[in-house]
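The block underneath contains the structure these notes are about, expressed in structure tokens.
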Amino acid sequence: MRTYHIDGTLPEGEEILVFGSNIQGYHSLGAAIVAVKKFGAVRYQGEGRQGNAYAIPTRWWDMSVKRMFTLPLEVVSEHVAKFCQYTQDNPDLKFFVTAVGCGHAGFKMETIVPLFKDAINCSFPEEWDLLLED
């Protein structure tokens, strides 16, 4: 079942907050820092379930140049596929998906949203509805 929410809002119930992270799990910006402060996300864990949150890597930190980079779409797609499988393996859970990949990572919605089509029991940003329902 898909539902939709206003982007920038937070889950009010037992939903798991799904957020974009960097592969190193620094969780220092946007929904990632909210995931740490309010949903039990674990610093330095860049992917998967953590408390009442789920991290999907979209970026990585290069220590040699002290700069954050966006992961290639093919890599992000693999991480999103793992999340979609997690939703199917855990049909009793509900997920509140933020605009993963569409903020700091810089992907266009048209590129990211279709990757989530196999996810179940999710509430997505309302701007995603036409791209998920076609």
Side chains of Lys108 and Cys102: does their closest heavy-atom pair fall under 4.5 Å?
-> no

is_close_aromatic(Phe95, Phe83), centroid dist under 6.0 Å | yes

Drop me the distance from Leu132's CG to Met109's CE, to the nearest 0.5 angstrom.
-> 10.0 Å

Is the Tyr26 ring parallel, tilted or perpendicular to the Trp61 ring (thresholds 30°, 60°)?
-> perpendicular

Below 4.5 Å, heavy atoms only, C-beta onward: do Leu93 and Arg49 meet side chain to side chain?
-> yes

Hydrophobic cluster identity match, Val97 and Leu71, side-chain contacts under 4.5 Å = yes

His27 (side chain) donor-acceptor with Val34 (main chain) under 3.5 angstrom | no

Between the main-chain N or O of Gln50 and the side-chain N or O of Gln45, is there a donor-acceptor pair closer than 3.5 Å?
-> no

Trp128 vs Phe116 aromatic rings, parallel, tilted or perpendicular, using cut-offs 30° and 60°?
-> tilted

Does the Asp7 side chain pair with the main chain of Thr98, one donor and one acceptor, at a distance under 3.5 Å?
-> no

Is there a path from Val75 to Tyr54 through hydrophobic residues (I, L, V, M, F, W, Y) whose side chains come within less than 4.5 Å of each other?
-> yes

Given side chains that start at C-beta, do those of Thr58 and His104 come closer than 4.5 Å, heavy atoms only?
-> no

Determine whether Ile23 and Leu29 fall in the same hydrophobic cluster, where Ile, Leu, Val, Met, Phe, Trp and Tyr are linked whenever their side-chain heavy atoms lie under 4.5 Å apart.
-> no

Side chain to side chain, Val113 and Phe124, heavy atoms closer than 4.5 Å = no

Under a 4.5 Å side-chain heavy-atom rule over Ile, Leu, Val, Met, Phe, Trp and Tyr, are Leu17 and Val100 clustered together?
-> no

Between Val76 and Ile112, does a side-chain contact (heavy atoms from CB on, under 4.5 Å) hold up when you go through it step by step?
-> CA-CA 9 Å; Val76 173; Ile112 289 294; 4.1 Å; yes

Taking it one step at a time, do Ser21 and Glu47 satisfy side-chain contact (heavy atoms from CB on, under 4.5 Å)?
-> CA-CA 7 Å; Ser21 72; Glu47 182 175 20; 5.8 Å; no

Gap between atom CE of Met68 and atom CG of Asn22 - 0.5 Å precision | 4.0 Å

Hey, are the side chains of Leu73 and Leu115 touching, using non-hydrogen atoms and a 4.5 Å cut-off?
-> yes

Rounded to the nearest 0.5 Å, the NE2 atom of His5 sits from the CD atom of Glu127 at a distance of 8.5 Å

Check whether more than 12 heavy atoms from other residues, nucleotides or ligands sit under 6.0 Å from atom CD of Glu14, and answer yes or no.
-> no

Give a yes or no answer on whether the side chain of Arg2 reaches the backbone of Lys117 with a donor-acceptor pair at less than 3.5 Å.
-> yes

Kindly indicate whether the side chain of Phe69, heavy atoms from C-beta on, has any atom under 4.5 Å from the side chain of Asp62.
-> yes

Rounded to the nearest 0.5 Å, how far apart are OG of Ser123 and CD1 of Ile16?
-> 13.0 Å

Decide yes or no for Arg43 and Ile33: does some side-chain heavy atom of the first lie under 4.5 Å from some side-chain heavy atom of the second?
-> yes

Could you pull out the closest heavy-atom pair between Ala41 and Ala53, with the gap in Å?
-> CB-CB, 4.2 Å

Cluster overlap Phe39 with Tyr44, hydrophobic side-chain contacts below 4.5 Å | no

Report yes if some heavy atom in the side chain of Thr87 is under 4.5 Å from a heavy atom in the side chain of Asn121; otherwise report no.
-> no

How far does CD of Glu15 sit from OG1 of Thr3, to the nearest 0.5 angstrom?
-> 6.5 Å

